[in-house]
Amino acid sequence: MKIDVLTLFPEMFVGPFDASIVKRAESRGLIQIEVHDLRKWGESERRNVDDRPYGGGVGMILRVDILDRALRDLKLKVKSDKQSLPSDGKLKVILLDATGIRYTQIKARELSKLDHVILIAGHYEGVDHRVHEHLVDEVISIGDYVLTGGEIPAMVLVDSVIRLLPGVLGKDESSADESHKEPGYLEYPQYTRPEDYNGWKVPKVLLGGNHKEIKNWRDEKSGL
């Protein structure tokens, strides 16, 4: 899978993308992540990418022409690298924005089937709405609250998708039975040694070796 991220603050991604599962997946060639500074496509010596909103109001709005230029260049690069741009939904452009649909584990699984994802991290007061209408395939929000920008939501999306890719986790079943694999499902409680710590004991059913009883207990705790 190839993931491109368009952002005004590429330095924010250095830590999260250079450690843990994401780093290992990239080093093993399972994913390719490129973070692009949106100001590369800005205008004038100051590399401007935003302007004041029509109709008045506070804050600055990211410009539709700048984002269109950036997306065109990224797609052209895919073609020049002799990669495919299939028309069957294997490439998606996604804007991270508070006005988007709520992100879920089901959506993460859907995105993990793609070959290429381009993420736009919204910022400032917002993004020209023509971006929503004409340039992206989806607009996604990670929750009903406001963040400074779309950088952290982009990290959340990348992390949640990458761990679902075949071969990324040590065992693929590690991601098969976990919270939110379907609506309303929460993974059952987990315990390990010591069996008794400060009088806090592991449930007896997990110690008896009766797999049917253990499965029934886990199903009950998971709300099945």
Side-chain angles (χ1 to χ4, degrees), residues 1-50 59-63 66-78 80-81 83 91-98 100 103-105 107-109 111-112 114-127 131 135-143 145-170 174-175:
M1 172 181 269
K2 170 71 181 296
I3 300 175
D4 286 295
V5 183
L6 281 168
T7 173
L8 289 173
F9 300 97
E11 64 275 9
M12 289 182 65
F13 293 85
V14 174
F17 285 0
D18 282 352
S20 190
I21 291 173
V22 176
K23 181 62 174 180
R24 291 201 300 271
E26 191 164 20
S27 65
R28 291 164 59 191
L30 299 174
I31 59 166
Q32 181 184 357
I33 303 176
E34 288 192 49
V35 180
H36 309 272
D37 188 343
L38 185 57
R39 293 191 185 280
K40 173 183 175 182
W41 292 273
E43 290 189 343
S44 76
E45 292 183 2
R46 298 185 62 184
R47 314 306 294 174
N48 292 327
V49 297
D50 59 341
M60 303 290 280
I61 307 296
L62 289 179
R63 289 169 42 173
I66 301 297
L67 284 166
D68 187 31
R69 193 180 306 151
L71 291 172
R72 287 174 183 272
D73 281 356
L74 292 183
K75 292 177 181 180
L76 282 173
K77 185 177 186 300
V78 172
S80 67
D81 289 344
Q83 300 177 38
L91 164 69
K92 277 195 174 181
V93 180
I94 298 171
L95 171 66
L96 285 308
D97 188 270
Y103 191 55
T104 65
Q105 185 70 9
K107 175 58 69 173
R109 289 193 178 278
L111 298 180
S112 72
L114 300 174
D115 296 321
H116 189 182
V117 178
I118 299 176
L119 303 177
I120 302 172
H123 214 75
Y124 298 137
E125 190 60 24
V127 176
V131 173
L135 296 183
V136 303
D137 299 300
E138 293 191 45
V139 184
I140 290 177
S141 166
I142 64 168
Y145 45 87
V146 179
L147 297 170
T148 304
E151 283 74 21
I152 292 175
M155 296 174 201
V156 168
L157 188 147
V158 170
D159 186 275
S160 62
V161 167
I162 285 176
R163 65 191 309 280
L164 297 174
L165 300 178
V168 169
L169 299 181
S174 297
S175 64

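FYI, side chains are in, hydrogens and waters are out, and symmetry mates aren't considered; it's all heavy atoms of this structure. Only a predicted model underlies this, so the values are computations on that prediction, with no experimental measurement involved.
- Side-chain contact between Asp68 and Val131 is absent, with no heavy-atom pair separated by less than 4.5 Å.
- With Leu157 as the partner, the side-chain contact (heavy atoms from CB on, under 4.5 Å) test is satisfied by one option alone out of Ile162, Ile152, Leu96: Leu96.
- One finds the CG atom of Asp50 at 6.5 Å from the CG atom of Asn48 (value rounded to the nearest 0.5 Å).
- For Asp37 (side chain) and Arg39 (main-chain N/O), a donor-acceptor pair under 3.5 Å exists by modelled atom type.
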Starting from the C-alpha separation in whole Å, work towards a yes-or-no answer on side chain to side chain contact (heavy atoms under 4.5 Å, CB included) for His36 and Thr7.
CA-CA 6 Å; His36 309 272; Thr7 173; over 6 Å; no
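- Under the 4.5 Å side-chain criterion, counting only non-hydrogen atoms from C-beta, Met60 is not in contact with Glu125.
- Note that CZ of Arg72 and CG of Leu135 are 8.0 Å apart. Values are rounded to the nearest 0.5 Å.
- To the nearest 0.5 Å, the span separating CD1 on Ile21 from CG on Leu165 amounts to 11.0 Å.
- In this structure the side chain of Leu62 reaches within 4.5 angstrom of the side chain of Val127, judged on heavy atoms.
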Audit row: Met1, Val161, side chain to side chain contact (heavy atoms under 4.5 Å, CB included) steps and yes/no
CA-CA 10 Å; Met1 172 181 269; Val161 167; 3.9 Å; yes
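- In terms of heavy atoms, Gly122 sits closest to Glu151 at O-OE1, 4.3 Å.
- Counting heavy atoms from C-beta on, the side chains of Leu6 and Trp41 come closer than 4.5 Å.
- The heavy-atom pair separating Leu119 from Ala154 by the smallest distance is CD1-O, 4.1 Å.
- The side-chain heavy atoms of Ile120 and Asp97, taken from C-beta on, include no pair separated by under 4.5 Å.
- In terms of modelled atom types and a separation under 3.5 Å, the side chain of Arg47 and the main chain of Leu38 share no donor-acceptor contact.
- In this structure, the separation between CG on Asp18 and OG on Ser27 is 11.0 Å, given to the nearest 0.5 Å.
- A 4.5 Å side-chain heavy-atom check between Lys107 and Ile140 finds at least one atom pair inside the cut-off.
- Proximity of Ile3 to Glu34: side-chain heavy atoms (C-beta onward) are nowhere separated by under 4.5 Å.
- Within the 4.5 Å cutoff, side-chain heavy atoms of Tyr103 are placed close to those of Ser160.
- Contact detail for Ala121 and Gly150: the closest heavy-atom pair is CB-C, 3.5 Å.
- Note that CG of Leu74 and CZ of Arg69 are 13.0 Å apart. Values are rounded to the nearest 0.5 Å.
- Judged by distance alone, the side chains of Asp4 and His116 do bring a donor and an acceptor atom under 3.5 Å apart.
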Kindly indicate, with the supporting measurements, whether the criterion side chain to side chain contact (heavy atoms under 4.5 Å, CB included) is fulfilled by Glu26 and Leu30.
CA-CA 6 Å; Glu26 191 164 20; Leu30 299 174; over 6 Å; no
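- A donor-acceptor pair is defined here as one N or O able to donate and one able to accept, closer than 3.5 Å; no such pair exists between the side chain of Arg24 and the backbone of Val168.
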Give the C-alpha distance, both sets of side-chain angles, the deciding distance and a yes or no for side chain to side chain contact (heavy atoms under 4.5 Å, CB included) between Ile94 and Ile118.
CA-CA 6 Å; Ile94 298 171; Ile118 299 176; over 6 Å; no
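- The shortest non-hydrogen separation linking Asp137 to Leu91 is OD2-O, 4.0 Å.
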